[in-house]
Amino acid sequence: MLTLNASKLKEMFVAGGKAIESEYEYINELNVFPVPDGDTGTNMMITINGAIEAINNIDYTDIQLLGKHFSRGLLMNARGNSGVIFSQIIKGFTSVFKEGKNEIGIVDFVNAFTAAKNTAYAAVASPVEGTILTVIRVTAEKLSKKRNFKSIDDVMKTACNEAQKILLQTPEMLHELKEVGVVDSGGYGLCRFFDGMLIGINQNTQFTTVKKIPLAKIEAKKSFIDKLEDANIGFGYCCEFIMTLKARVTLKQSTKKDFDVKSFKKQLSKIGDSMAVVIDGDIVKVHIHTINPHQVLEIGAQYGEFNKVKIENMTLQFLERNPGTTLEKLQDQVKTRRKLPTTVKIIATVPSTTIANIYNSELSISHTINTEAVGNPSVQEFMDKIRDAHTANIIIVVDDSNIILAAKEASALVKNEVNTEIINASNIAASYLACLIFDPMQDMNTNIKNINNAIKATHVGKVSISSKPINYSHIEVKKNHFIGIIDKKIVSSDYSMSNVLKRLSDLLLNKIRRPKNAWIIYGNNAQIHDIKTLKKYLMETHSLKVSAIDGNQPVYSFYIAIQ
């Protein structure tokens with residue numbers, strides 16, 4: 001196969017999704033932590049199944065349109081960090097597809113892997129090697145170095161082989177993986193997706209699909225502004241340019257500045273969004289949406305001169321695609337959407353309905369996302385909750401680091417409407433304290449400062465039950481033992497809950513010079529005797545003021561917060 005058309009690529013995407021679904025439980029087992037919360041396999045399966053539903057009932061003849069629908073479906077259904085990073089890999093992969101074309105050749109197919117790598121790394125503030133990022137990076141680099149591919153099949157086989165090779169090396173890159181003897185779970189999921197894509201090339205397999213609402217009916221329910229946002233068009237101008245660093249148009253020009261990509265991105269981010277910056281030697285390619293294109297060019301001209309510049313009016317593009325709509329109508333609707341109250345509200349993720357009710361009744365936090373009911377929330381669920389809050393200033397308090405990227409993606413998508421700030425509380429105890437001190441009468445910055453100070457002054461431990469035996473260098477964990485966890489590290493393991501609770505409390509107390517307060521949030525597996533014993537130990541032995549809260553959360557029997 002010398003070319004790949006939209007129909008075959010759709011089969012490959014679906015087959016890749018089926019491959020992940022067939023092994024999602026094993027991918028979950030690869031998680032380093034022996035606690036079944038936010039498992040990678042489940043997150044990746046939900047993410048990709050949502051994207052497959054978005055393309056299932058459409059016969060594509062435009063490969064770029066297929067790519068846009070599939071990558072958009074991934075993003076809006078992305079669960080957990082693994083799901084969000086995977087969505088960015090596919091976003092980059094499909095970004096090379098050309099508009100109006102039904103197929104791509106071998107060179108473009110290879111380039112798609114490089115674009116996937118670039119987009120994925122750009123999406124993560126602090127990339128960690130030994131993860132899914134390493135798998136896509138090394139795979140792309142190996143493909144770009146080999147220039148004698150005979151077919152699309154050959155490219156895909158090589159990608160599968162290279163991905164598998166680097167996956168097996170991930171334990172050497174991350175101590176946590178090596179210690180428990182597993183490969184990276186997200187990387188394994190990506191390898192299985194590639195394997196499925198290869199099957200999609202070689203087999204004409206018929207897949208059963210879930211019946212869904214036709215796309216036309218979904219779009220008929222959306223407002224005109226929603227369609228504008230969903231198409232990732234936005235207002236203003238789409239600016240693209242290719243620039244040669246240090247180049248000058250005339251000899252009389254002053255010497256150009258030294259190029260620093262972080263500083264460059266920071267400058268551009270102040271005047272636009274949807275930014276992508278790709279560097280290849282002394283060539284820099286930039287894409288950005290802005291209402292001030294001249295400022296974009298002025299920033300670029302500090303570092304070099306332009307090989308090519310393209311500026312397109314996105315508002316006019318939208319009007320051309322929507323006959324009967326006028327600029328006046330468009331502006332009226334935008335003004336209506338932007339007239340939001342300026343009050344500050346909190347959106348908080350919570351692990352149970354009980355805690356959601358506590359937040360509502362005791363803390364006056366009415367906008368919560370219950371992960372017990374929905375699992376790790378998707379980007380779309382965050383966006384829905386942001387819009388339900390109906391205010392211009394929102395603080396998103398996330399109780400689990402595994403869902404922080406989904407919150408960030410949602411915030412980026414609505415940033416032209418709403419000012420959002422994300423606080424990674426990491427656990428429900430810190431989240432509870434954040435919501436406890438939140439003051440809706442104070443401004444956004446004051447609340448964020450107070451919340452962050454409270455979280456920094458608080459140390460939290462949690463207790464769960466080990467789902468499998470693992471030997472760490474510092475501790476042996478047996479299946480069904482109670483385990484105490486501080487800062488993502490298992491610090492105690494015992495058959496006795498009371499022993500684990502005491503050990504965990506002592507370690508937390510050692511972290512604080514003069515502890516005064518303690519909060520206990522106990523889950524649905526907690527026993528009354530253990531609750532009373534812990535409370536008595538903290539009050540009588542350490543003279544702390546203790547509040548005990550029935551959270552009824554499913555995974556962690558206890559959260560202990562000491563301040």
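Computed from a prediction, not measured in an experiment: that's the story for all the values here.
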- Message: If you define the side chain from C-beta out and look only at heavy atoms, does anything of Glu21 sit under 4.5 Å from Asn49?
- Response: yes
- Between the main-chain N or O of Ser378 and the side-chain N or O of Glu381, is there a donor-acceptor pair closer than 3.5 Å? yes
- Message: I'd like to check Thr3 versus Ile152 (side-chain heavy atoms, cut-off strictly below 4.5 Å). Are they in contact?
- Response: no
- Ring centres of Phe113 and Phe194 under 6.0 Å apart? yes
- Counting only N and O atoms by type, is there a donor-acceptor contact under 3.5 Å from the side chain of Lys385 to the main-chain atoms of Ile369? no
- Query: Passes side-chain contact (heavy atoms from CB on, under 4.5 Å), Val296 versus Leu268? Steps please.
  - Reply: CA-CA 7 Å; Val296 172; Leu268 290 178; 4.2 Å; yes
- Message: Please give me the minimum heavy-atom distance between Val477 and Ser466, naming the atom from each residue.
- Response: CG1-OG, 3.3 Å
- Message: Test salt bridge (charged side-chain N to carboxylate O under 4.0 Å, His left out) on Lys8 and Glu103; report intermediate values, then the result.
- Response: CA-CA 9 Å; Lys8 177 56 70 174; Glu103 60 185 21; over 6 Å; no
- Query: Between Met383 and Glu409, is any pair of side-chain heavy atoms under 4.5 Å apart?
  - Reply: no
- Item | Side chains of Ser352 and Glu372 in contact at under 4.5 Å (non-hydrogen atoms) | yes
- Side-chain donor-acceptor pair present, Thr131, Asp184, cut-off under 3.5 Å: no
- Query: Between Asp62 and Glu99, which heavy-atom pair has the shortest distance, and what is it?
  - Reply: OD2-C, 4.4 Å
- Do Leu174 and Thr170 have side chains that get closer than 4.5 Å, going by heavy atoms? no
- Query: Between His474 (side chain) and Ile490 (backbone), is there a donor-acceptor pair under 3.5 Å?
  - Reply: yes
- Item | Short side-chain donor-acceptor distance under 3.5 Å, Gln380 and Asp384 | yes
- Message: Side chains of Gln88 and Tyr121 only: does a donor on one sit below 3.5 Å from an acceptor on the other?
- Response: no
- Note on the structure: Minimal heavy-atom distance between Ile486 and Gly461, with the atoms involved, is CG1-CA, 4.2 Å
- Query: Using a distance-only test with no angle check, is there a side-chain donor-acceptor pair under 3.5 angstrom linking Thr42 and Asn28?
  - Reply: yes
- Query: Does the Thr371 side chain pair with the main chain of Asn376, one donor and one acceptor, at a distance under 3.5 Å?
  - Reply: no
- Query: Is Asp195 salt-bridged to Arg192, cutoff N-O under 4.0 Å?
  - Reply: yes
- Message: Is there a side-chain contact (heavy atoms from CB on, under 4.5 Å) between Phe97 and Leu9? Walk through the geometry before answering.
- Response: CA-CA 11 Å; Phe97 301 165; Leu9 181 61; 3.4 Å; yes
- Task: Can you sort out the partners of Asn524 under side chain to side chain contact (heavy atoms under 4.5 Å, CB included), two or more places apart, ordered by chain and number?
- Result: Asn552, Pro554
- Note on the structure: Between Ala429 and Val460 the two heavy atoms that sit nearest each other are CB-CG1, 3.8 Å
- Item | CD1 on Ile423 to CD1 on Ile395, rounded to 0.5 Å | 5.5 Å
- Just do the side chain to side chain donor-acceptor pair (under 3.5 Å) check on Thr47 and Asn77 with the steps written out, would you? CA-CA 5 Å; Thr47 299; Asn77 291 279; over 6 Å; no
- Message: Looking at Lys101, I'd like to know if its NZ atom is crowded, meaning that more than 12 non-hydrogen atoms belonging to other residues, nucleotides or ligands lie closer than 6.0 Å.
- Response: no
- For Glu141, which residues count as a side-chain hydrogen bond (donor to acceptor under 3.5 Å, both in side chains) partner, sequence neighbours excluded? Arg137
- Item | Between OG on residue Ser557 and CZ on residue Phe482, distance to nearest 0.5 Å | 6.5 Å
- Are Ser401 and Asn424 close enough, and set up right, to give a side chain to side chain donor-acceptor pair (under 3.5 Å), and what steps lead you there? CA-CA 6 Å; Ser401 299; Asn424 184 9; 3.2 Å; yes
- State, yes or no, whether a side-chain contact exists between Ile166 and Met173 at a heavy-atom distance under 4.5 Å. yes
- Note on the structure: Looking only at heavy atoms, the pair that brings Ser431 and Ala425 closest together is N-CB, 3.6 Å
- Query: Are any non-hydrogen side-chain atoms of Thr94 and Ile90 less than 4.5 angstrom apart?
  - Reply: yes
- Gly73 versus Ala51, closest heavy-atom pair with distance: C-CB, 3.7 Å
- Donor-acceptor contact present, side-chain Lys10 to main-chain Ile58, <3.5 Å: yes
- Main-chain N/O of Gly92 paired to Ser95 side chain as donor or acceptor, under 3.5 Å: yes
- Query: Does Tyr559 have Lys462 sitting over its ring (NZ/CZ under 6.0 Å from centre, angle to axis within 45°)?
  - Reply: no
- Task: Go through the steps to decide whether Tyr188 and Thr40 satisfy the test side-chain contact (heavy atoms from CB on, under 4.5 Å), and finish with yes or no.
- Result: CA-CA 10 Å; Tyr188 183 91; Thr40 302; over 6 Å; no
- Message: When you measure from the side chain of Glu23 to the backbone of Tyr26, do you find a donor-acceptor pair of N or O atoms at a distance under 3.5 Å?
- Response: no
- Message: Within the 3.5 Å criterion, strictly below it, is a donor on Glu129 or Thr134 matched to an acceptor on the partner's side chain?
- Response: yes
- Message: I want to check something: taking the side chain as every heavy atom from C-beta on, are Ile52 and Phe70 in contact at a cut-off of under 4.5 Å?
- Response: yes
- Message: Is a donor from one side chain sitting under 3.5 angstrom from an acceptor on the other, for Asn427 and Asp399?
- Response: no
- Value for CZ (Phe193) from CD1 (Ile48), rounded to nearest 0.5 Å, stands at 4.0 Å
- Query: Strictly under 6.0 Å, is that where the ring centroids of Phe149 and Phe109 end up?
  - Reply: no
- Message: If I take atom CG from residue Leu2 and atom CG from residue Asp153, how far apart are they, to the nearest 0.5 angstrom?
- Response: 9.0 Å
- Message: Go through it in stages, so that I can follow the logic: the residues are Ile485 and Val463, the test is side-chain contact (heavy atoms from CB on, under 4.5 Å), and I'd like the CA-CA distance, side-chain angles, deciding distance and then a yes or no.
- Response: CA-CA 6 Å; Ile485 304 161; Val463 177; over 6 Å; no
- Item | Atom pair OG (Ser411) and CD1 (Ile404), whose distance is rounded to the nearest 0.5 Å | 8.5 Å
- Message: Within this structure, what is the CD1-CD1 distance for the pair Ile347 and Ile394, rounded to the nearest 0.5 Å?
- Response: 4.0 Å
